[in-house]
Amino acid sequence: MHVDTYERYWIMLTAVVLIVFTAAVGISGFMMGVQVPVPEALVNPNTVATDPTSRFANPGLRQLAPNRYEAYIRAGSSPWKFVPDKLEVPVGSTVTFYVTSVDVQHGFKLEGTNINVQILPGQVSKMTATFKTPGKYPFICTEYCGVGHQNMFGELTVK
Amino acid sequence: MILGAERKIASWHMLVAIVALSIGTLFGPLQALEHMGINLYPALQSVGLQSYYQGLTLHGVLNALVWTTFFITGFFTLTVTYTLKKALVYPMLSWAAFIVMVVGLVMAAIPLLLNMASVLYTLYPPMQAPWFYYLGLTLVVVGSWMSGWSLLLTWAAWRKENKGATTPFIALGSLITVVLWQICTLGIAAEILVMLLPWSLGLLPGVDAQLARTLFWFTGHPLVYFWLLPAYVSWYGMLPKQAGGKLFSEPLARLAFWLFLLLSTPLGFHHQYVDPGISEGWKYLHAILTFSVFFPSMLTAFTVTASLETAGRARGAKGLLDWILKLPWNEPSFTAQAVAMIIFAFGGIGGIINASYNVNLVIHNTAWVPGHLHLTVGTGVTLTFIGILYWLLPHLTGKALWGTGWARAQSWLWLVGMGLMSNGLHRLGLLGAPRRTMLGVATDNYGTPDWLFPRLETGIGGTILLVSFICFLVVVVKTMMNKETAKVEMPIAEALQPEGIPAWLNNWQPWLVGTVVLIVIAYGPVLVSLISQVQLVSPGFNVWK
Ligand code: HEM
Ligand SMILES: [Cu+2]
Ligand SMILES: [Cu+2]
């Protein structure tokens, strides 16, 4: 099969670029701590808000250690709201978020961080971030969840 | 060869495709204006449009699913029969396929128009549409399968009559795309038939949202290659001829199609990088496979450009780049497709960003994504199909194309409008604005002042696109009414080196086996584990009333 010389070079160049990109994604993902959500827990979306044994029945922020927090958040669409939608932590805190949905699919994107996850009924999405700068960090719903979707957001304050 | 039945079948497909695109595209400018802060939706309630999201569902379904599927099945009916020089062996099967698709379309369109199914074109459960919506979509897919079977049977008959012959490139590219479609739609067929349809009929208590998403994206990503490969058939197999050149490297063109068949399906997790129910290793595997489809894309970029260079040189170009100016820019069909390619190149670059799961975290579900998809399916594919229509309409109707100036203006206006709108949406995404959102309203909730400029860009770009689209419709309508006749044939490019094609590029078996093996590796374990822990618990929700 005849392959033009320039095309041969082009193919080799493409191969090199691909290898570099694959390595870059691998290194950042597995060695530099870029996190994507992974299976955390299965829950029953119909009872997760009321079952007293579920952390989501009593959502909100809990302190685990100095500067270590966990936040349980429920997403729902009647009305379109995160519960709770106001959180406050001191500067320098590391917060692990656990978010689930009580009805349809939602999103959870925390501006100013790498947190941007899909929220599904039945699944728990877990992501961690450290807040070194004081300020207001809105978290918004990024998946269409009905006619009130554009009004679904909350705010984390770092003081 | 007259192939009258094939032409009739294709004509009906094109009619439905153009009507779908015309209605679907209407909503685009409304969305763009809303993003800019001009909300026309309250005024539209009096004509029955209940919400932004009902309009967005119609926009996505009619443009991304209906326009593309009808155009492609109609177009392939011609590409396969013309290049094999063989009439359909079962024309009735193709007609039946068309009727099944239309019945499905009507079943799905009614709930869409009545705001009973504003679930967007991804139909993510547990949002629940009425059962006949799911059944309608299924029928559209089944009809497209039947139309593919008709083509495959015709090819099988051709092979019996032409033992040992190499399938012509255009027919092969079309048939590979047909087979890709038959394989990848198994995901959505399983999602609808096993979960959504019984659930919407009340036969299942609930659905599993994670499993449904996984089955959806099994189809959802190869779907983009189903849209794109017909455009590639034209870029490789027809455009060089239209420009006055030859197909630069036919063996590599064939290789690219085989690689798309092999690699398009086992990589759907790149749409699910941030789904909670899939582990990191599998996401990384799909990231690598996604990068590997970059390979046939780069082959295409080279071969198509080189083919156009042969055209420019045949037209007397001597220098390094003046071949570009020598191309037939006065021909609307060429111009539309060349503009589509230019814009598509930017879409390809953005695609690499989407595919890298670390960078994907920044742009997932932001306005960046519609910014990207309007460069790819919204322009690379759609404007190419429009360019094809500029020769296909005269071919099918026997009427000369009306208003070449209008048609050329249409392409350039599209370039400007899409450049602005897509740039605006990409920037909004980087600033954190979500997609599928009434951004005019959301700006008051959580927007920032730096959203203002890209919001304006989006609105202005969308308005220019509307003007461009109106030009297209004027050309179509005036052509249909044209008294001037013309005899236009399908352009079929010759290969620059018509030497033998190696046997491995003309043999389905290794590629099909490889495709199935890769799918089993990339999806098997995850599907088994999702199914083994399936929770059919989510009841249906209607959140758009
Ligand atoms: C006049 C031309 C067009 C304009 C002004 C336009 C405008 C828009 C805008 C602003 C959005 C974003 C909506 C949002 O995320 O809230 C959008 C979404 C979309 N558009 Fe277009 N569009 C046009 C043509 C097309 C064409 C030709 C296609 C495809 C074949 C297309 C396919 C889509 C799809 C698939 C979406 C995503 C829908 C979803 O997220 O569910 N558009 N369009
Ligand atoms: Cu939402
Ligand atoms: Cu994709």
Side-chain angles (χ1 to χ4, degrees), chain A residues 1-4 6-7 10-11 13-15 17-18 21-22 24-26 28-30 34 36-40 42 44-46 77-78 80 101 103-105 107 109 111-112 114-126 138 140-151 153 155, chain B residues 51-53 120 124 126-127 208-210 213 248-249 251-252 272-280 283-284 287-288 291-292 294-295 298-299 302-303 306 352 356-358 361-362 364-366 432 434-439 441-442 445-446 497 499 502 505 533 535 537-539 541 543-545:
Chain A
M1 184 170 88
H2 164 86
V3 178
D4 175 82
Y6 287 110
E7 189 146 26
W10 179 261
I11 290 172
L13 182 73
T14 304
V17 169
L18 284 182
F21 282 8
T22 307
V25 173
S28 63
F30 292 102
V34 170
V36 292
V38 294
E40 165 63 21
L42 297 180
N44 183 338
N46 304 317
S77 53
S78 52
W80 286 270
S101 165
D103 44 44
V104 296
Q105 303 195 19
K109 183 172 194 300
E111 300 295 343
N114 265 339
I115 295 184
N116 181 1
V117 289
Q118 202 75 29
I119 309 302
L120 305 185
Q123 299 274 346
V124 176
S125 300
K126 172 187 170 190
I140 65 185
C141 177
T142 49
E143 184 60 80
Y144 168 63
C145 54
V147 284
H149 162 59
Q150 65 283 347
N151 297 324
F153 70 110
E155 196 171 70
Chain B
S51 76
Y52 178 87
Y53 302 103
L120 302 188
Y124 289 146
M127 280 190 198
D208 184 317
Q210 182 65 77
R213 276 176 72 84
F248 184 75
S249 172
L252 288 180
Q272 299 179 276
Y273 284 151
V274 300
D275 275 22
I278 299 170
S279 54
E280 197 174 14
K283 290 172 178 171
Y284 186 60
I288 298 173
F291 282 141
S292 64
F294 181 59
F295 191 76
M298 292 295 277
L299 279 182
F302 188 96
T303 303
I352 300 175
S356 319
Y357 72 50
N358 44 2
L361 286 174
V362 180
H364 176 78
N365 268 357
T366 68
R435 72 183 287 201
R436 309 180 139 179
T437 302
M438 294 185 79
L439 283 186
V441 180
N445 288 332
Y446 45 75
Q497 279 131 351
E499 94 293 32
L505 289 179
Q533 56 183 31
Q535 344 177 59
V537 287
S538 283
F541 292 92
V543 284
W544 57 87
K545 275 281 171 3

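All chains are named by letter (A, B, ...) in the order of the sequence lines, taking the proteins before the strands, and each is independently numbered beginning at 1.
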Is [X] in contact with chain A via its backbone, its side chain, both, or neither, using a 4.5 Å heavy-atom distance?
| X | answer |
| --- | --- |
| B:Thr437 | both |
| B:Pro502 | side chain |
| B:Thr366 | side chain |
| B:Gln272 | neither |
| B:Ile352 | side chain |
| B:Ser249 | side chain |
| B:Tyr284 | side chain |
| B:Leu299 | both |

Is [X] close to chain B through its backbone or its side chain, or both, or neither, when contacts mean heavy atoms under 4.5 Å?
| X | answer |
| --- | --- |
| A:Glu7 | both |
| A:Asn46 | side chain |
| A:Val124 | backbone |
| A:Asp103 | both |

Q) NE2 of A:His149 to CH2 of A:Trp80: how many Å apart, nearest 0.5 Å? A)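 A:His149 atom NE2 to A:Trp80 atom CH2 measures 11.5 Å (nearest 0.5 Å).
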
Distance in Å, A:Gln105 CD paired with A:Gln123 CD, rounded so as to fall on 0.5 Å steps
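So the gap between those two atoms works out to 10.5 Å.
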
- Are any non-hydrogen side-chain atoms of A:Asn151 and A:Cys141 less than 4.5 angstrom apart?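 They are not in contact (no side-chain heavy atoms under 4.5 Å apart), so the answer is no.
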
- Is any side-chain heavy atom of A:Gln118 less than 4.5 Å from a side-chain heavy atom of B:Asn365?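 Of all side-chain heavy-atom pairs linking B:Asn365 with A:Gln118, at least one is under 4.5 Å.
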
- request: Taking ring pair (Phe, Tyr, Trp, His ring centres under 6.0 Å) as the test, write out the residues that go with A:Trp10, two or more places apart.
  value: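 For A:Trp10 the ring pair (Phe, Tyr, Trp, His ring centres under 6.0 Å) partners, ignoring immediate neighbours, are B:Phe302.
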
- Residue of the set B:Tyr53, B:Tyr446, B:Tyr52 for which side chain to side chain donor-acceptor pair (under 3.5 Å) holds with A:Gln150: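 When B:Tyr53, B:Tyr446, B:Tyr52 are each tested with A:Gln150, the side chain to side chain donor-acceptor pair (under 3.5 Å) holds only for B:Tyr53.
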
Worksheet entry | B:Gln210 side chain to B:Asp275 side chain, donor-acceptor N/O pair below 3.5 angstrom |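 Yes, side-chain donor-acceptor contact under 3.5 Å.
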
Quiz item: Just by distance, do the side chain of A:Lys109 and the backbone of A:Ile140 share a donor-acceptor pair under 3.5 Å?
Solution: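 No; judged by distance alone, with no hydrogens or angles, the pair does not exist.
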
Restricting to non-hydrogen atoms, name the atom on A:Pro37 and the atom on B:Pro276 that form the minimum distance, rounded to 0.1 Å.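 Shortest heavy-atom separation between A:Pro37 and B:Pro276 comes out as CB-CA, 4.1 Å.
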
- Message: Show the nearest heavy-atom pair for residues A:Pro121 and A:Val104, with the distance to one decimal.
- Response: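 Scanning both residues, the minimum pair turns out to be CD-O, 3.8 Å.
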
Fill in: Pick from A:Val17, A:Leu13, A:Asp4, A:Asn44 with the largest number of heavy-atom pairs that fall under 4.5 Å of chain B
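Option with the top pair count is A:Asp4.
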
Open item on the list: Under a 4.5 Å cutoff for heavy-atom pairs, which residue among A:Ile119, A:Val36, A:Ile11, A:Ile115 has the most contacts with chain B?
Closed with: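 Among the listed options, the one with the most contacts to chain B is A:Val36.
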
- Message: Using a 4.5 angstrom heavy-atom cutoff, name the option from B:Ser538, B:Gly432, B:Ala306, B:Ser51 with the most pairs to chain A.
- Response: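 Most pairs with chain A among the choices: B:Gly432.
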
**Q.** Top contributor to chain A contacts, counting heavy-atom pairs under 4.5 Å, from B:Asn445, B:Ile278, B:Leu361, B:Val362
**A.**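 With the most close heavy-atom pairs to chain A, the winner is B:Asn445.
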
